**Student:** 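Next up is a structure, given as structure tokens.
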There are 2 protein chains.
Amino acid sequence: MFFLKELPTEQMVKDYVAKTGVGSTDTISKALLMLREASHLIRLLDAYFSSHDLSQLKFLILVVIDREPEIDSLRQSEINQRLDVSKPVLNRTINSLLETKLLKRLDDEEDARAHRLALTKKGKNTLKQIMPGYFELISNFMEQQS
Amino acid sequence: MFFLKELPTEQMVKDYVAKTGVGSTDTISKALLMLREASHLIRLLDAYFSSHDLSQLKFLILVVIDREPEIDSLRQSEINQRLDVSKPVLNRTINSLLETKLLKRLDDEEDARAHRLALTKKGKNTLKQIMPGYFELISNFMEQQS
DNA sequence: TCCATTTAGTTATCATGATAACCAAATGGA
DNA sequence: TCCATTTGGTTATCATGATAACTAAATGGA
């Protein structure tokens, strides 16, 4: 998350770059702009997910299971290969999705330590219901920029 | 923070857009790319700050006080006008900066409820020491993209 | 002037990210 | 086959974001 409400002016960046002797003003300004734009979008997305009792991470867990081409379930470790988040956080978040019945847990035939995680009907419905608003939010946001 | 390790392929976005009837494939893909690029940069920045016993927010608090043109101190509420973060988080983080002696607290002559927050010598030194690496990190990152 | 409202800061509590350290099952080389 | 290592998952603890609700001082209109 990036927090500066007012980005440093071109002049300030130029001064800092001159003072430290590092980088180019253009590159730095572009990066700061990008950070702020992304933070803004992330805030909007978080608010959107939260209004549906979800979070960014919960949404993505549902998505990666849903988008799997051949099978309809994944192990925790397989989800972890697809999402850049720590094991304990993933574990906790999956438990929360199990509690709210968006996911269900199946035994893993091949490994007694593991379970397979699949979307419930409720999970599929939730995803279907949320997706349009998600795309719409992103589209609207990108339009307003530029 | 954005977590997808592999972005959805162009085709997948196209399918989702077609299924939901919302947005344009290009715009969505561009937004997802931007989110991932920003998340990556934020991770690098967090790691950098953390290696100097700081955080993104702590750094920015020091910066907004330091970049003030006429005065060398700000109230908590004035910092809050410049940074997009909640009051309690700002309060907690300022306390941490006071404990580590990067900030000092002065009385506010005009308002008995408020205090003025100024950089200590240690705070100024830390900032001066960190700034070059900060710009360098951003420059390097932006070069690697593109 | 006096009291209702606003403002500055703080506390309590929760959500969601991380790392370290652990158990138990699976694996694989001597 | 047996034990060391790897792998899947979990627990404990911490960092850092949020909101709600509070105190005390400042402010401003009747």
Side-chain angles (χ1 to χ4, degrees), chain A residues 1-4 35 38-40 42-61 73-100 103 105-117, chain B residues 1-5 38-40 42-61 73-100 103 105-117:
Chain A
M1 211 60 97
F2 193 66
F3 303 102
L4 269 180
L35 281 177
S39 298
H40 190 177
I42 288 170
R43 294 236 160 162
L44 293 176
L45 287 172
D46 281 348
Y48 177 66
F49 290 132
S50 159
S51 76
H52 289 265
D53 289 311
L54 284 182
S55 66
Q56 167 105 235
L57 179 55
K58 284 176 184 168
F59 172 74
L60 288 174
I61 291 170
S73 69
L74 288 174
R75 285 186 189 171
Q76 180 177 311
S77 56
E78 292 171 326
I79 298 176
N80 230 156
Q81 285 160 15
R82 291 159 178 74
L83 299 182
D84 194 12
V85 71
S86 67
K87 279 200 297 184
V89 169
L90 182 58
N91 185 269
R92 185 215 286 150
T93 310
I94 285 172
N95 282 337
S96 160
L97 289 169
L98 288 168
E99 267 165 39
T100 54
L103 285 186
R105 214 171 165 176
L106 314 169
D107 285 344
D108 187 306
E109 313 276 298
E110 283 138 36
D111 194 326
R113 296 167 303 175
H115 304 98
R116 309 207 54 88
L117 299 158
Chain B
M1 210 60 94
F2 194 67
F3 304 103
L4 270 181
K5 279 188 191 162
S39 299
H40 190 177
I42 288 171
R43 292 233 163 165
L44 292 176
L45 287 173
D46 281 348
Y48 177 66
F49 290 132
S50 159
S51 76
H52 288 267
D53 289 313
L54 284 181
S55 65
Q56 167 106 232
L57 179 54
K58 283 176 185 168
F59 172 73
L60 288 174
I61 291 169
S73 69
L74 288 174
R75 284 183 191 174
Q76 180 176 312
S77 55
E78 293 171 326
I79 298 176
N80 231 155
Q81 286 160 15
R82 291 159 178 75
L83 300 182
D84 193 12
V85 71
S86 67
K87 279 200 298 183
V89 169
L90 182 58
N91 185 269
R92 186 216 285 150
T93 310
I94 286 172
N95 282 337
S96 159
L97 289 169
L98 288 168
E99 267 164 37
T100 54
L103 285 186
R105 214 173 165 173
L106 313 168
D107 286 343
D108 189 307
E109 313 277 299
E110 282 138 36
D111 193 327
R113 295 167 303 176
H115 306 277
R116 308 207 56 87
L117 299 158

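This one's a predicted model, so the numbers in the text were calculated from it and none came from an experiment. Heavy atoms only: backbone and side chains are in, while hydrogens, waters and symmetry mates are out.
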**Student:** Using a cut-off of less than 4.0 Å, is there contact between a side-chain N or O of B:Arg43 and OP1 or OP2 of C:dA18?
**Tutor:** yes
**Student:** Whole angstrom is fine here: how far is it from CG in B:Leu57 over to C1' in D:dA18?
**Tutor:** 13 Å
**Student:** Output the distance between atom CG (B:Leu117) and atom CG (B:Asp108), rounded to the nearest 0.5 Å.
**Tutor:** 10.0 Å
**Student:** Tell me which nucleotide among D:dA18, C:dT11, C:dA8 gets nearest to the side chain of B:Asn91.
**Tutor:** C:dT11
**Student:** Check whether any side-chain nitrogen or oxygen of A:Gln76 sits under 4.0 Å from OP1 or OP2 of D:dT7, and answer yes or no.
**Tutor:** no
**Student:** Looking at A:Ser96, is its backbone amide N or carbonyl O close enough to the side chain of A:Thr100 to form a donor-acceptor pair, meaning the two atoms are under 3.5 Å apart?
**Tutor:** yes
**Student:** Can you check the A:Asn95 CG to D:dT10 P distance for me, whole Å?
**Tutor:** 6 Å
**Student:** Decide yes or no for A:Leu98 and A:Asn95: does some side-chain heavy atom of the first lie under 4.5 Å from some side-chain heavy atom of the second?
**Tutor:** yes
**Student:** Report the distance from atom CD of B:Glu109 to atom P of D:dA26, rounded to the nearest whole Å.
**Tutor:** 13 Å
**Student:** Counting Watson-Crick and G-U wobble pairs only, both distances under 3.5 Å, name the nucleotide matched with D:dA30, or none.
**Tutor:** C:dT1
**Student:** Would you compute the distance between atom CD1 of A:Ile61 and atom CD of A:Gln76 and round it to the nearest 0.5 angstrom?
**Tutor:** 9.0 Å
**Student:** Could you give the CG-to-C1' distance, from A:Leu90 to D:dT10, as a whole number of Å?
**Tutor:** 12 Å
**Student:** Which residue lies toward the 5' end of DNA chain D, B:Pro88 or A:Lys87, if each is placed at its nearest nucleotide?
**Tutor:** A:Lys87
**Student:** Atom CG of B:Leu83 and atom P of D:dG17: how far apart are they, to the nearest Å?
**Tutor:** 11 Å
**Student:** Please give, in whole Å, the distance from D:dT7 P to A:Arg75 CZ?
**Tutor:** 12 Å
**Student:** As a test of reading the structure: which of D:dG9, C:dT16, C:dG9 is closest to the side chain of B:Ser77, going by heavy atoms?
**Tutor:** C:dG9
**Student:** Between D:dA25, C:dG17, D:dA18, which nucleotide has the shortest distance from any of its atoms to the side chain of B:Ala112?
**Tutor:** D:dA25
**Student:** Between D:dG17 atom P and B:Lys58 atom NZ, what is the distance in whole Å?
**Tutor:** 9 Å
**Student:** Rounded off to whole Å, could you give me the CD-to-P distance for the B:Gln56 and C:dA18 pair?
**Tutor:** 16 Å
**Student:** Backbone N or O of B:Val85 within a donor-acceptor pair of the B:Asn80 side chain at under 3.5 Å?
**Tutor:** yes
**Student:** Between the base of C:dG17 and the side chain of A:Arg92, is there a donor and acceptor pair under 3.5 angstrom?
**Tutor:** yes
**Student:** Among C:dT10, D:dT10, C:dA26, find the nucleotide with the atom closest to the side chain of A:Arg113.
**Tutor:** C:dA26
**Student:** Considering heavy-atom distances to DNA chain C, does A:Asp111 or A:Asp84 have its closest nucleotide positioned more toward the 5' end?
**Tutor:** A:Asp84
**Student:** What nucleic acid atoms does B:Arg105 come within less than 4.0 Å of, heavy atoms only: base, sugar-phosphate, or nothing?
**Tutor:** sugar-phosphate
